[in-house]
2 protein chains.
Amino acid sequence: MTPTSTAPTTPFRQIKRARVSDAIVEQLLQLISAGILEPGKRLPSERDLCKRFGVGRTSVREALKPLISMGILEGRVGSGTYVSAETGQFQKPLAWGLLRDLNGQDDLVETRHMLETNAAHWAALRAKPENLAAIEASIQGMADHLQQPAEFQDHDAAFHFEIARATQNQILYRLINVIRGQIQTWIGERLTLAPNRAEALARTSLAQHREIFAAIKTADAAAARTAMDHHIQTATQDLHRLETARKR
Amino acid sequence: MTPTSTAPTTPFRQIKRARVSDAIVEQLLQLISAGILEPGKRLPSERDLCKRFGVGRTSVREALKPLISMGILEGRVGSGTYVSAETGQFQKPLAWGLLRDLNGQDDLVETRHMLETNAAHWAALRAKPENLAAIEASIQGMADHLQQPAEFQDHDAAFHFEIARATQNQILYRLINVIRGQIQTWIGERLTLAPNRAEALARTSLAQHREIFAAIKTADAAAARTAMDHHIQTATQDLHRLETARKR
DNA sequence: AGATCAAAATTGGTCTGACCAATTTTAAGA
DNA sequence: TCTTAAAATTGGTCAGACCAATTTTGATCT
């Protein structure tokens, strides 16, 4: 890669003793990235792959194993090995690397705040018509389920995902995805503990979402950021309040 | 999928058919996180682990495999399996999840900018004496190596790492770590292509670093953010300029 | 023909035992 | 004590077998 010449940096490549399984992993990842192996699709049985690759079953399995434990593939006994649904793909390794042994969830909340406010900013500047449509749809979904916490939460999550997507920044999207996924559980737990307040919170939340959307729609980045900032702060406080209220 | 009717969220746990290897993975990860398996340390041979866990070698290997391919463990034939050095631990899974098939590096630069400006902000508010000392040391390191691009770059990187650490936000630290690591290569390539300009860039950079540090030292979050913003914008522009200059 | 359901085939998960090549340990020889 | 060659150890791979879950098949009954 490096054009070298004077190059102080290593002109020599590490000799890599070919590890069979790694080579297979590489091929499979490429097939997936290339879209040849679509999400949900079943790949040939292990015994088939053995013949195709010309290797033993051990090697095939050792190649599949990391991909499975990273959530890219999914093994179902008796059925076969499948490419995981796009959502959640590569989530596990991300979560492993990012969220392993955290003390509390303060870091989580703080990082989320940081990412989402910036996401609102960029979404306002870059959202395409289809992004706006998707965001609006999620708002409609929330409005339709004000009294069903679980469904409301799903659409709430969708709202934030779509904003992240609208930034056209893949890294930002993935980050928000994984962090939101982690926080989601926490939110759900607290909401089910105080179901009577859920609807009130939902109404407040919905209003704020509309505000954010309006700012994004008019490409007002600063307003979008402010609105998102306000929304997340409110939501976080509400959830904390639910928690402390419960404890007393 | 939707957790059904009245019962908002599932009070029941998914029955997980125990996958032997997954259980082992969990145990190993825990041992590593708990520090019982320190970086660099050798773990028992596979055949030993078989006896200890009371499972076949296949299962042990299938447990080790994901950890190895994620860079957490390292297998050396004839020698044993070792816990990887702390640096870069869990980096690979993070990088896999976050940085796989990106189009360009615009997302990278943009995300870095977002993370680092926020890091400066929080570092200013939370830096402990030892953090300030570490940051100052990295600045000194830069000052001492103005004419050695490679060394300068190392201390430059250290500066940003230490700021990330000073935020006391683990997630932010890990993120900056992995993204910076990715960008680092890119920076190095460009700098070695125009070694004559390296020193001038280094001097500018150093001055900006001092500015950032001053703001952090006085706990002026806004100033720290502004200074970091300015620094990263300058640096990015300079590197872009180097690149276009080379192409002509 | 269509539906039902039990037997057969397929599939991922695990176990056992074996061999290879790289490495480490041991022990013999100088 | 130092060298060095043989032996033991170790991760990587292969082969064959069995299990349990699942899918497919095919015979039976309606």
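In the text below, chain A, chain B and the rest are named by the order of the sequence lines, each starting its count at 1.
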Donor-acceptor under 3.5 Å ([X] side chain, [Y] main chain):
| X | Y | answer |
| --- | --- | --- |
| A:Ser205 | A:Leu201 | no |
| A:Ser21 | A:Ala63 | no |
| B:Asn177 | B:Arg174 | no |

> Do you know which two heavy atoms are closest between A:Ile163 and A:Ala123, and how far apart they sit?
Replying inline: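 Looks like O-CB, 3.7 Å.
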>> Which residues pass the ring pair (Phe, Tyr, Trp, His ring centres under 6.0 Å) test with A:Phe159, not counting sequence neighbours?
In response: A:His209
> So which pairs with a foot in residues 64-80 of chain A pass salt bridge (charged side-chain N to carboxylate O under 4.0 Å, His left out), sequence neighbours left out?
Replying inline: A:Lys65-B:Asp22, A:Glu74-A:Arg76
> Mind checking what makes side chain to side chain contact (heavy atoms under 4.5 Å, CB included) contact with B:Gln30, not counting sequence neighbours?
Replying inline: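 Once residues adjacent in sequence are excluded, B:Gln30 has no partner under the side chain to side chain contact (heavy atoms under 4.5 Å, CB included) criterion.
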> Once you round it to whole Å, what is the distance between P of D:dG11 and CD1 of B:Ile68?
Replying inline: 9 Å
>> Please determine whether a side-chain nitrogen or oxygen atom of A:Ser21 lies at a distance below 4.0 Å from atom OP1 or OP2 of D:dG12.
In response: no
>> I'd like to check the salt bridge (Lys or Arg N to Asp or Glu O under 4.0 Å) partners of A:Arg42; sequence neighbours left out, ordered by chain and number.
In response: none
> Which of residues 50-67 of chain A have a heavy atom under 4.0 Å from DNA chain C?
Replying inline: A:Arg57, A:Arg61
I'd like a table of atom pairs between the protein and nucleotides 4-10 of chain D - only N or O on both sides, under 3.5 Å - with the distance next to each one.
| from | atom 1 | to | atom 2 | distance (Å) |
| --- | --- | --- | --- | --- |
| D:dT10 | O2 | B:Gly78 | N | 3.0 |

